[in-house]
2 protein chains.
Amino acid sequence: MDDVKGSAGLPATVVFRLGTLGALAGDRFAEKIEVYDLKVKHVGLMTVLSLGPAVSQQDLAAKMGVAPSLVVSLADHLETLGAVQRVRDPQDRRRQVLTLTAHGRDLLDKCATEARALDEEFTAALAPDQVAALRQALSVLSAEAGLP
Amino acid sequence: MDDVKGSAGLPATVVFRLGTLGALAGDRFAEKIEVYDLKVKHVGLMTVLSLGPAVSQQDLAAKMGVAPSLVVSLADHLETLGAVQRVRDPQDRRRQVLTLTAHGRDLLDKCATEARALDEEFTAALAPDQVAALRQALSVLSAEAGLP
DNA sequence: GTGAATCATTCAAACTCTGAACGATTCTGA
DNA sequence: TCAGAATCGTTCAGAGTTTGAATGATTCAC
């Protein structure tokens with residue numbers, strides 16, 4: 001005779017769990033990449049770049065769901081790290097075309113390695129088939145939401 | 001002959017997916033509860049309160065993983081909304097004991113309803129057994145992390 | 001060619017959150 | 001009993017992040 005009002009409580013919802021676990025995962029990942037002088041959004045930018053060329057910084061901002069002015073400062077920092085290269089588009093000289101450098105790809109690889117290590121810790125309490133099911137479900141949700 | 005470097009890329013990790021989907025879920029939920037003049041953290045505080053009495057605001061802060069000074073302002077706002085009641089603990093008059101009012105419980109219920117509606121949208125692309133598997137996996141992860 | 005539109009950039013400002021005060025209260029041990 | 005240490009809530013200044021409105025440069029449309 002529990003949950004008198006409609007069904008289960010807030011903590012049982014997927015949305016709540018994604019929010020809280022996502023925040024936790026983000027914080028932990030942030031700690032890991034601190035060594036490389038990177039924040040989560042820097043990795044986000046590099047990830048988008050690694051998935052395909054961005055026409056412009058505005059394009060990048062749209063793909064990241066963030067203001068163009070933020071892309072500027074993120075790219076500034078990545079450029080000083082040598083992870084990214086800014087090249088004026090000869091076809092349209094208003095545009096700055098960002099490309100990952102070899103060092104940028106290397107950095108991104110290191111981040112991916114950190115993430116996989118975190119995955120191990122995070123999913124340690126799950127059975128292998130549970131992990132597979134989780135990956136599959138998250139993959140579908142990401143695709144559905146237009147996320148990388 | 002893909003992924004030359006170690007295994008899959010960053011976007012395929014559980015940590016990355018939890019981070020991005022969690023941010024998206026949080027944003028969408030924030031929009032939904034804007035009507036009630038609530039932010040995500042307000043709901044977080046009320047959720048913790050609904051799960052069991054908090055000895056003090058510091059206890060609450062610890063459970064939320066947040067600075068005690070933030071609990072003050074969150075509680076201030078919830079108090080003006082009439083969602084929460086501050087009562088000095090007679091046993092230890094330094095402590096403010098926060099309790100959910102009837103209106104607070106009602107508000108929390110409304111938030112849960114919004115979350116369940118979002119769940120529907122979010123998981124619409126998943127088969128029923130996939131949703132069940134996702135819920136189960138997230139539930140284990142939350143428990144493991146000591147989250148509500 | 002001229003005006004409108006688009007791009008990157010800068011900058012001030014909004015927002016969230018923290019950490020260091022501070023006063024009030026309780027605890028500790030001599 | 002009582003003085004000093006510890007704990008609680010609160011305030012406040014400030015750090016960190018992100019946005020939106022300028023601005024200047026370039027391109028587009030007609």
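So that the names make sense, note that chain A is the first sequence line, chain B the second, and so on, each numbered from 1. Remember, predicted model here, so these are calculated numbers, not experimental data. Any value given below was found using the heavy atoms of this structure, including those in side chains, with hydrogens, waters and symmetry copies removed.
In this structure, the CE atom of B/M64 is 12 Å from the C1' atom of C/dC17, given to the nearest Å. Taking atom CG of B/L74 as the reference point, atom P of C/dT18 lies 10 Å away to the nearest angstrom. Separating the CD atom of A/E79 from the C1' atom of C/dT9 is a distance of 13 Å, rounded to the nearest angstrom. Across the protein-nucleic acid pair, A/D89 atom CG and C/dT6 atom P stand 17 Å apart, rounded to whole Å. Nucleotide C/dT10 holds its P atom 6 Å from the CG atom of A/D76, rounded to whole Å. The CZ atom of B/R95 sits 11 Å away from the C1' atom of C/dT25 (whole-angstrom rounding).
Place A/Q91 and B/A75 on DNA chain D by their nearest nucleotides, and B/A75 ends up nearer the 5' end. Positionally, the nearest nucleotide of DNA chain C for A/R94 lies more toward the 5' end than for the other of A/R94 and A/P68.
Residue B/R93 places no side-chain atom within donor-acceptor reach of the base of C/dT25, judged by atom type and a 3.5 Å distance cut-off alone.
Scanning DNA chain D 5' to 3' for nucleotides with an atom closer than 4.0 angstrom to a non-hydrogen atom of chain B gives a first and last hit of D/dA6 to D/dT11.
Heavy atoms only, all atoms of each residue included: B/P148 and B/L51 are closest at CB-CD2, 3.5 Å.
With hydrogens and angles ignored, the 3.5 Å screen pairs no side-chain donor or acceptor of B/S142 with any backbone N or O of B/S139. With A/Q130 contributing its side chain and A/A127 its backbone, the two residues share a donor-acceptor pair below 3.5 Å.
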Using the salt bridge (Lys or Arg N to Asp or Glu O under 4.0 Å) rule, take A/E34 and A/K39 through it: C-alpha gap first, then chi angles, then the decisive distance, then the call.
CA-CA 7 Å; A/E34 222 176 10; A/K39 309 268 185 177; over 6 Å; no

Show your reasoning for whether side chain to side chain contact (heavy atoms under 4.5 Å, CB included) applies to B/H42 and B/H77.
CA-CA 8 Å; B/H42 294 130; B/H77 187 241; 3.3 Å; yes

Chi angles and distances behind the side-chain hydrogen bond (donor to acceptor under 3.5 Å, both in side chains) call for B/Q57, B/R95:
CA-CA 7 Å; B/Q57 291 185 188; B/R95 291 177 169 163; over 6 Å; no

How far apart are the C-alpha atoms of B/R135 and B/D119, what are their side-chain angles, what is the distance that settles it, and do they pass the salt bridge (Lys or Arg N to Asp or Glu O under 4.0 Å) test?
CA-CA 11 Å; B/R135 294 196 121 96; B/D119 267 24; 2.7 Å; yes

Output, in order, the C-alpha distance, side-chain angles, deciding distance and verdict of salt bridge (Lys or Arg N to Asp or Glu O under 4.0 Å) for B/K63 and B/D59.
CA-CA 6 Å; B/K63 284 177 179 172; B/D59 180 30; 3.5 Å; yes

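Under 3.5 Å, the side chains of A/R116 and B/T13 contain no donor-acceptor pair of N or O atoms.
Among the atoms of the strands shown, only primed sugar atoms or phosphate atoms (P, OP1, OP2) are found under 4.0 Å from some heavy atom of B/V66.
For the OP1/OP2 pair of C/dT9 and a distance below 4.0 Å, the side-chain nitrogens and oxygens of A/Q96 include at least one atom meeting the criterion.
Annotation: proximity of residues 27-63 of chain A to DNA chain D (heavy atom, distance under 4.0 Å) is found for A/K39, A/K41, numbered in ascending order.
Relative to the side chain of A/S69, the nucleotides C/dC11, C/dA8, C/dT18 differ in distance, and C/dC11 lies closest.
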